[in-house]
Amino acid sequence: MQHAVEQMSIWGLVSEASVVVQAVMAILVLASVASWYLIIQRSVVLRRSERLLREFLRQFRQSGDLAQLQRDAERQAQSPEAALQRIFREGFQVFGQLQRQPGLAPQTLGEAVDRSLYVAVAEQEERLETGLQALATIGSVSPYIGLFGTVWGIMNAFLGLAQVQQVTLATVAPGIAEALIATAIGLFAAIPAVIAYNRFAARGQALAGRYYAFANELQARLLPRLHAGAPSIAVAAA
């Protein structure tokens with residue numbers, strides 16, 4: 001009786017499952033661990049990115065000396081999450097280098113700064129997407145992997161019933177229960193990954209929009225007399 005109770009526990013069912021079902025469970029457990037690692041890691045990164053963005057944007061709007069701000073941004077830009085500092089550094093450096101060249105038309109200068117800002121913003125956008133593809137893959141694939149384990153387990157359960165003369169609930173239940181565990185683990189891995197993906201994607205889009213807005217603000221401050229026909233970073237963001 002004690003053996004039967006142990007066998008009907010979750011750990012007993014997992015240990016008694018077939019090799020294929022156990023392999024499916026192991027894959028799903030690893031996927032769940034990877035998902036939670038990415039969720040925690042991306043949460044920390046996005047929270048720090050949002051904090052650094054607010055701090056530097058406040059410094060930028062309060063500062064009257066962009067050269068001093070550029071020196072401060074050089075130190076802060078060592079952090080991978082310091083996106084605005086990197087964008088500001090790239091745009092200000094290009095502006096300073098080209099401004100020293102004699103005979104350079106304002107429109108040409110504006111186009112060069114615009115391109116440098118676009119490249120810098122695109123690089124920071126790519127950083128925001130780190131880990132999202134893995135979360136999307138785990139969220140979309142895990143239920144199907146679990147379903148495969150369930151189908152395989154139920155198939156083995158019915159094959160085993162063919163060798164039993166008298167079919168009872170006690171003979172059917174363990175095989176079906178161990179098969180359903182694979183589906184449960186698959187859902188456990190998929191649901192947090194899908195929720196985190198949607199949340200991180202929304203936060204990433206919000207940050208990217210603020211990057212483009214800052215690029216326009218920086219461009220307007222660096223080039224107040226920029227020709228009206230010069231391209232705008234806002235066009236690239238559209």
Side-chain angles (χ1 to χ4, degrees), residues 2-54 77-83 86 122-160 172-211:
Q2 184 178 359
H3 176 72
V5 173
E6 181 182 356
Q7 188 178 19
M8 285 301 295
S9 68
I10 294 179
W11 297 114
L13 292 172
V14 171
S15 63
E16 294 295 329
S18 64
V19 176
V20 174
V21 176
Q22 287 180 343
V24 168
M25 292 178 183
I27 292 173
L28 292 174
V29 169
L30 291 176
S32 180
V33 171
S35 173
W36 280 106
Y37 169 79
L38 289 173
I39 290 172
I40 296 173
Q41 189 263 346
R42 296 309 300 169
S43 296
V44 173
V45 168
L46 288 174
R47 190 179 302 112
R48 178 171 170 80
S49 298
E50 291 166 348
R51 180 176 59 82
L52 291 176
L53 182 146
R54 290 191 299 267
Q78 301 301 321
S79 173
E81 295 83 20
R86 293 167 180 261
E123 290 177 351
Q124 300 310 313
E125 273 192 296
E126 187 176 355
R127 288 179 179 271
L128 292 175
E129 297 174 356
T130 303
L132 290 184
Q133 291 184 350
L135 286 175
T137 301
I138 293 172
S140 60
V141 172
S142 294
Y144 295 102
I145 297 177
L147 182 61
F148 169 76
T150 298
V151 172
W152 188 275
I154 292 177
M155 181 180 65
N156 283 341
F158 280 107
L159 290 176
V172 176
I176 296 179
E178 73 182 31
L180 293 176
I181 291 176
T183 297
I185 299 176
L187 294 175
F188 179 80
I191 293 175
V194 172
I195 295 175
Y197 172 83
N198 292 331
R199 177 61 177 164
F200 293 157
R203 292 173 69 180
Q205 290 177 359
L207 282 172
R210 299 186 71 176
Y211 295 166

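Keep in mind that what you see is a predicted model, and the values were worked out from it rather than measured.
With values rounded to the nearest 0.5 angstrom, E81 atom CD is found 10.5 Å from L128 atom CG. Residue T130 holds its OG1 atom at 8.0 Å from CD of Q41, rounded to the nearest 0.5 Å. Note that CG of L52 and CZ of R47 are 12.5 Å apart. Values are rounded to the nearest 0.5 Å. From N198, atom CG reaches atom CG of L132 across 10.0 Å, with rounding to the nearest 0.5 Å. Note that CG of L147 is 10.5 Å distant from CG of L180, once rounded to the nearest 0.5 Å. For the atom pair S32 OG and L187 CG, the distance stands at 11.5 Å (nearest 0.5 Å).
In terms of heavy-atom proximity, E125 sits nearest to A208 at OE2-CB, 3.5 Å. Between S43 and R203, the shortest heavy-atom contact is O-NH2, 4.4 Å. Scanning all heavy atoms of the two residues, the minimum distance from A196 to L135 falls at CB-CD1, 4.2 Å. Nearest heavy atom pair, residue Y211 against residue L53, reads CE2-CD1, 3.5 Å. The two residues A182 and M25 come nearest to each other via the heavy atoms N-CE, 4.1 Å. Closest approach of I138 and A193 over heavy atoms only: CG2-CB, 4.0 Å.
Side-chain contact between F200 and L38 is absent, with no heavy atoms from C-beta onward closer than 4.5 Å. R86 is not listed as a side-chain neighbour of E123, based on a closest heavy-atom distance of 4.5 Å or more. Looking at V24 and T150, their side chains never come closer than 4.5 Å, going by heavy atoms from C-beta outward. Looking at F148 and V20, their side chains come closer than 4.5 Å, going by heavy atoms from C-beta outward.
Side-chain N or O atoms of S142 include none that pairs as donor or acceptor with a backbone N or O of G139 at under 3.5 Å. In this structure, S35 contributes its side chain and A31 its backbone to no donor-acceptor pair below 3.5 Å.
With R42 as the partner, the side-chain contact (heavy atoms from CB on, under 4.5 Å) test is satisfied by one option alone out of I39, V45, V44: V45.
Crowding of R199 atom CZ: a count of heavy atoms from other residues, nucleotides or ligands under 6.0 Å not exceeding 12.
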Query raised in the report: Checking side-chain contact (heavy atoms from CB on, under 4.5 Å) for the pair L28/F188: CA distance, chi angles, key distance, verdict?
Result: CA-CA 9 Å; L28 292 174; F188 179 80; over 6 Å; no
